[in-house]
Amino acid sequence: MDYNFKEIEAKWQKYWKEHKTFKAEIDHEKPKYYVLDMFPYPSGAGLHVGHPLGYIASDIYSRYKRLKGFNVLHPMGYDAYGLPAEQYAIQTGQHPAITTEKNIARYREQLGKLGFSFDLEREIITSEPNYYHWTQWTFIQLFEHWYCIRANAARPISLLIDIFNEQGNRKVKAECTETPIFTAEEWKAKSEKEQQEILMNYRLAYLSVTTVNWCPKLGTVLANDEVVNGLSERGGYPVERKPMLQWALRVSAYAERLLQGLETIDWTDSLKDMQRNWIGKSLGCEINFDIAPAVGAGSTCPNEQSTYPNEQGGQTPPLQIFTTRPDTIFGSTFMVLCPEHELVETITTPEQKQAVDDYVKWAKNRSERERQTEVNKITGVFTGCYAINPFNNQKIPIWIADYVLAGYGTGAIMAVPAHDSRDYKFAKHFNLPIIQVVEGGDISEEAFEAKDGTMINSDFINGMNVKNAIDAVVKKTEELGIGKGKINYRLRDATFSRQRYWGEPFPIYYKDGMPYALDEKDLPLLLPEVNKYLPTETGEPPLARAKNWTTKDGYPLETSTMPGFAGSSAYYLRYMDPHNSTGLVGQEAVDYWQTVDLYIGGTEHATGHLIYSRFWNKFLFDIGIAKTDEPFQKLINQGMIQGRSNFVYRIVGTNKFVSYNLRTNYEIQPLHVDISIVENDILDIEKFKQWMPDFANAEFILEDGKYVCGHEVEKMSKSFHNVQNPDDLVEKYGADTLRMYEMFLGPLEQSKPWDTQGIEGVFRFLKKVWRMYHQNDGEFFLSDEEPTERGLKVLHKTIRKIEDDTERFSFNTAVSAFMIAVNDLSDWKCNKRAILEPFAILLSPYAPHIAEELWNKCRGGVCPPGQVNPAPTGTISMEQYPKFEEKYVLENTFTYPISFNGKTRFMLELPIDMPNSEIEKSVLAHADTQKWLAGNAPKKVIVVPKKIVNVVV
RNA sequence: GCCCGGAUGGCGGAAUUGGUAGACGCGCUGGUCUCAAACACCAGUAUGGUUAAACAUGUGCCGGUUCGACCCCGGCUCCGGGUACCA
């Protein structure tokens, strides 16, 4: 009987499904372990071999943990809201729900064939009402909470209202939009609408007019991480900056906690670095510069002691800037405002008004892409107005330029051309003065950006080093009351509205122009039907097309929908208790499962999903839903699997194709050829002719009667015809082979090219495993003889190696260890039950179907003659997992390489516990030692126990 | 530009972190079985050298530390990923 993987795999997949083998239930007797995969967006193209890589790894680990006695939660679901299904709906009119359902069915089928140990009853789909109910619910919580700096946590809005009623907002410390101070009396005197407007400044989910990334082609707003190089991540369409009224999440309130939290979790350093950079914390100082009074064109600033500060009082507010280098303030020779800055209009002199207006208009119309591709283009305009350096009362011209961004700091800077390259280029271009204030460096050609050195030309900080100077200036600034030390983050609040159809509707209605949350009992707010998936003629989002899109009382509902990351931000919590109809997750479930212990997924989510999810979780932690502050304790990024493309070479202007090694003799054009009609780089000419009509009459120049194709490693993509479909491979080799081969390909975290040729090796290995358990005529047979010492040693070495490798996610070396073990065992035809029974169990996380089959035959006793598949008696469980016993692998001798001056000359077997001094004696006493010493006396003998002995001559 | 990674045979990759570099697999070469093929099995396979060995050279490049370096330190080159007027 041969290794019939088709029968075996179908049988066990059916068995697992029917017996709900992997159903996870709360069990306080066992420690829990939660293994999570990043759930897929089910695209129309189906899976390629790259997708299951992480799933296979997590499945191996889940199965392994179960065998080690853990109660493992290992669920799978689908991130179902997304643009492709909606774009398809716009083109074809097919409801995105139908497309999505079809795609999910295909994904389920493909994943099902790989033998994953998912708890299928916990499957969640983000577009289903019983799931998005809780996405909407969480949004309401965000809307009804604010961030209290004193508590360093989210607090209910109702509490804030109580405080306002009692004492106004003077003492409230919140992460919020800037709000004027008011007393309790003033608060009470405000109208309902005015009060709501103020509360909006505090809410964690809030509505505000912000400059957003607008993609006209997609007809929607995008988050920062959805814009790549000024183009939309999906589709690659141009993105503009446009002010719009949008929902936003106050992610920035959690910036410090998101940063601190990284210290407590087991993620790779590179991923943590990515998040740190994205959060972009910088320590600096805010300083107010007074605006010089308008004294008319051509006038000069008086050099004597200035009387400007505060003299002109309420006329013009001071100009607030942010800098990380307050030490360089004496080198500041001009100021720069962003074109959107609110002071632009106030301070511009009549003479400069035209020029400034023109510039601001030009800057506004500049697309994001232009800005990014023309970074080196230096533009700007003088306002005609001056600021006063508070430290030396120098008059400094104020310019406007779009290299200063509105969204960061205060949207205004003090430019120090000597020590900042952008300011330097600007100063050179517009011929502005440059004053060096840090010693060293040559500023004749470029800025000197050193963060270390001695201050010069800087009044009271002269002679200090940069670090002390920064402290001194911040201190002085605070004493003078003109500024303060300040921490800035690059992380912005996330825009949360999408002008699309296929997303979660907001549980929000409008009354008197102000938004209010729906009552929780009215959830879920179902996504309505629309006749078309496009925006309305008036430019409103598609939901505005829905009939009766109002509350029962007739108040209009919000027409935008939530973005893709809404549904994926807390799905891991829902898996703990997926059918709960009274809450996102029940108390008992979250108390038991706590948090995700292992999360496996791609790096592409480093600054998107993984930031939002952490934010979302921290909020849910604050309001007592999540049990831990961080959602994912350990995270592994699986590498990408690249494609291996094949090429044919067409002689230019003909329909003749020349084989790879002869191509240099002709003028040729390489063409991608579908990898399914190429085997081991040899083209199947008949299939090629049928592949495309153009090639039906193709002629070939062959080498050795074959057409050899060229190859290259590229991204796996339809257009390169290099997509490897896992179904084909499962069909040909079986799921166990595919699983082991994907692991064998290389380290999990590394990107590597797919190479189908190597899969044969793993397939041979499994066939060999199968044969070990069968006699020559193919009948199942194990000997009940006592195992040999040697066999036990192989087994226990393998147990130790597999456990070790599995624990550190080194699955590629684990597969190698299996192969070595099988080579050793089959070398002396070891078919002892005592060895092979445990071996099957050991193999089961990696190749679960064949392992179950073999193990069941072991336990089921003799397989009746002629019967292919005896009825399964059960699955491998933790009780049967073999224990590693050191006594079998203990060595009592070690064979030392004996080196002379670092060169190994002979080997010497010595007892393992021999003390160093004895080893030294034995080596010197050995006959060969004299030969290699050649009459010299040894200078030194270095003994490294269980490693090497080196004699220095 | 800045921040991370990485570079080892014809190929994918090992080397339990300073101790016999190239495990394991692919590919290739030769052999056994077969009428033949497929499957399977056996042997070989870093480079130079030799009938074979001895020996010499070898982990991107240059240098250093060490009895000993793929591994640690300094200086480069190339490749991959992230990020970018963030003051």
Side-chain angles (χ1 to χ4, degrees), chain A residues 2 228-229 268-278 280-282 284 321-325 328 336 338 371-372 374-378 401-405 407-416 419-423 425-426 449 488-492 603-604 606-607 637 639-640 642 644 680-681 711 741 744-747 749-762 764-765 767-768 771 800-801 804-805 808 810 812-820 823 826 895-905 907 939-942 944-953:
Chain A
D2 281 341
V228 179
N229 291 329
T268 59
D269 287 335
S270 72
L271 192 68
K272 286 185 184 181
D273 271 335
M274 263 191 239
Q275 292 220 335
R276 282 190 197 107
N277 291 339
W278 190 257
K281 178 179 184 172
S282 50
I321 61 98
F322 174 75
T323 178
T324 54
R325 291 294 300 275
T328 60
V336 186
C338 63
R371 273 179 74 117
Q372 295 198 1
E374 302 170 351
V375 161
N376 290 323
K377 188 169 171 183
I378 296 158
D402 71 351
Y403 81 87
V404 172
L405 302 178
Y408 184 79
T410 61
I413 61 159
M414 62 173 203
V416 185
H419 305 289
D420 181 286
S421 62
R422 293 151 305 174
D423 297 345
K425 282 183 204 146
F426 194 84
E449 294 189 298
N488 255 317
Y489 300 91
R490 206 186 73 116
L491 184 72
R492 314 283 167 80
T603 353
E604 66 270 23
T607 52
N637 289 123
M640 288 240 278
Q642 294 142 316
R644 187 177 185 278
N680 292 353
D681 290 339
H711 59 87
Y741 183 57
F744 184 63
L745 223 41
E749 309 208 47
Q750 192 176 302
S751 288
K752 55 237 157 184
W754 179 262
D755 172 13
T756 306
Q757 288 184 30
I759 201 169
E760 295 280 353
V762 174
R764 271 173 218 160
F765 158 77
K767 283 193 284 193
K768 218 184 250 185
R771 274 200 309 269
R800 183 167 62 179
K801 177 78 175 147
D804 202 53
D805 286 349
R808 54 192 185 96
S810 180
N812 54 329
T813 53
V815 175
S816 295
F818 280 120
M819 290 178 172
I820 293 168
N823 284 345
S826 57
T895 308
Y896 281 90
I898 311 299
S899 299
F900 292 82
N901 288 339
K903 293 225 183 301
T904 302
R905 297 303 187 180
M907 308 299 279
K939 277 191 195 137
K940 187 157 68 159
V941 179
I942 298 157
V944 185
K946 281 171 80 177
K947 299 272 174 165
I948 199 167
V949 178
N950 186 51
V951 182
V952 184
V953 185

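Because the structure is predicted, anything quoted here is derived from the model rather than measured. Worth knowing before you read on, the calculation uses all heavy atoms, side chains too, and leaves out hydrogens, waters and symmetry mates. By convention in this document, chain letters (A, B, ...) are assigned in the order of the sequence lines, proteins followed by strands, and residues within each chain are numbered from 1.
- For the C1' atoms, the distance linking B/rC62 with B/rA46 amounts to 24 Å, nearest Å.
- With P as the reference atom, B/rU45 and B/rA53 are 9 Å apart, rounded to whole Å.
- Contact check, A/Arg764 against B/rC41: no side-chain N or O comes under 4.0 Å of OP1 or OP2.
- Looking at heavy-atom distances under 4.0 Å, A/Arg800 makes no contact with the nucleic acid at all.
- In terms of position along RNA chain B, the nucleotide closest to A/Ala817 lies nearer the 5' end than the nucleotide closest to the other residue of the pair A/Gly280 and A/Ala817.
- Nucleotides B/rA69 and B/rA15, compared at atom C1', are 13 Å apart to the nearest Å.
- Backbone-only contact: A/Val952 has heavy atoms under 4.0 Å from sugar-phosphate atoms and none from a base.
- The base of B/rC67 lies close enough to the side chain of A/Asn950 for a donor and an acceptor atom to sit less than 3.5 Å apart.
- When the side-chain nitrogen and oxygen atoms of A/Arg490 are compared with OP1 and OP2 of B/rA87, none of them lie within a distance under 4.0 Å.
- The distance between atom CD of A/Gln275 and atom C1' of B/rC3, rounded to the nearest whole Å, is 15 Å.
- Nearest nucleotide to the side chain of A/Gln757, out of B/rC26, B/rC41, B/rG19: B/rC26.
- Spacing of C1' atoms, B/rU57 relative to B/rC76, comes out at 24 Å, to the nearest Å.
- Atom CD of A/Glu760 is separated from atom P of B/rC28 by 11 Å (rounded to the nearest Å).
- Atom CG in A/Asn277 sits about 9 Å away from atom C1' in B/rC4, given to the nearest Å.
- The distance from atom NZ of A/Lys767 to atom P of B/rC39 is 7 Å, rounded to the nearest whole Å.
- For A/Asp805, the salt bridge (charged side-chain N to carboxylate O under 4.0 Å, His left out) partners are A/Lys801, A/Arg808, not counting sequence neighbours.
- Judged purely by atom type and a 3.5 angstrom limit, A/Lys940 has no side-chain atom pairing as donor or acceptor with the backbone of A/Asn950.
- Following rounding to the nearest Å, A/Lys768 (NZ) and B/rC41 (P) show an atom-to-atom distance of 5 Å.
- With a 3.5 Å limit on both pairing distances and Watson-Crick or G-U wobble geometry required, the stems of 3 or more pairs in RNA chain B span B:1-7 with B:77-83, B:10-12 with B:24-26, B:27-32 with B:40-45, B:46-48 with B:55-57, B:60-64 with B:72-76.
- A side-chain donor-acceptor contact under 3.5 Å links A/Tyr896 to the backbone of A/Lys946.
- When the C1' atom of B/rU83 is taken as reference, atom CD of A/Glu604 falls 16 Å away, rounded to whole Å.
- Under the ring-ring contact (aromatic ring centres under 6.0 Å, His included) criterion, A/Phe744 pairs with no residue, sequence neighbours left out.
- Nearest to the side chain of A/Asn823, among B/rA40, B/rG82, B/rC24, sits B/rC24.
- Taking 4.5 Å as the limit, some side-chain heavy atom of A/Asp273 sits within range of a side-chain heavy atom of A/Arg276.
- Using atom P as the reference point in both B/rG75 and B/rC3, the two lie 13 Å apart (nearest Å).
- Between B/rU8 and B/rA23, the two C1' atoms lie 13 Å apart (nearest whole Å).
- Separating the CD atom of A/Glu749 from the P atom of B/rG5 is a distance of 13 Å, rounded to the nearest angstrom.
- Residue whose closest nucleotide on RNA chain B sits further toward the 5' end, between A/Ser282 and A/Ser270: A/Ser270.
- With distances taken from any side-chain atom of A/Trp278 to the nucleotides B/rC85, B/rC4, B/rA84, the minimum falls on B/rA84.
- Atom pair A/Tyr489:OH and B/rA87:C1' shows a separation of 17 Å (rounding to whole Å applied).
- The glycosidic torsion of B/rG9 lies within 90° of 0, placing the base in the syn range.
- At the phosphate of B/rG1, neither OP1 nor OP2 sits under 4.0 Å from any side-chain N or O atom of A/Ser421.
- Partners of A/Ser282 under the side chain to side chain donor-acceptor pair (under 3.5 Å) rule, at least two apart in sequence or in another chain, are A/Tyr408.
- Relative orientation of the A/Tyr741 and A/Trp754 rings is perpendicular, given thresholds of 30° and 60° on the angle between their planes.
- On the P atoms, B/rU47 is 11 Å away from B/rC11, given to the nearest whole Å.
- As judged by a 4.0 angstrom heavy-atom cut-off over every strand, A/Met414 is placed among residues making no nucleic acid contact.
- By the rule that a glycosidic angle within 90° of 0 means syn, B/rU16 does not qualify and counts as anti.
- In this structure, A/Ile942 reaches the bases: a heavy-atom distance under 4.0 Å links it to at least one base atom across the strands shown.
- Comparing B/rA23, B/rC39, B/rC85 by their nearest atom to the side chain of A/Ile820 picks out B/rA23.
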Next item on the list: Encode nucleotides 6-18 of chain B as B, S and - characters from 5' to 3', where the letter depends on protein heavy atoms closer than 4.0 Å: B to the base, S only to sugar-phosphate, - to neither.
Entry: ------BSS----
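- A/Ser826 is listed as a side-chain neighbour of A/Lys768, based on a closest heavy-atom distance under 4.5 Å.
- Residue contacts for A/Val815: at a heavy-atom cut-off of 4.0 Å it reaches no nucleic acid atom on any strand shown.
- Qualifying ring-ring contact (aromatic ring centres under 6.0 Å, His included) partners for A/Phe426, counting only residues two or more places apart in sequence or in other chains: A/Phe334, A/Trp399, A/Tyr403, A/Phe430.
- The shortest non-hydrogen separation linking A/Ala415 to A/Val336 is CB-CG2, 4.2 Å.
- Nearest approach of A/Asp402 to A/Leu405, heavy atoms of both residues: O-CD2, 4.2 Å.
- As rounded to the nearest Å, B/rC72 and B/rC26 have P atoms that lie 32 Å from one another.
- Contact annotation for A/Lys946: no contact, since no heavy-atom pair falls under 4.0 Å across all strands.
- Nucleic acid contact for A/Arg276: none, since no nucleic acid atom lies under 4.0 Å from a heavy atom of the residue.
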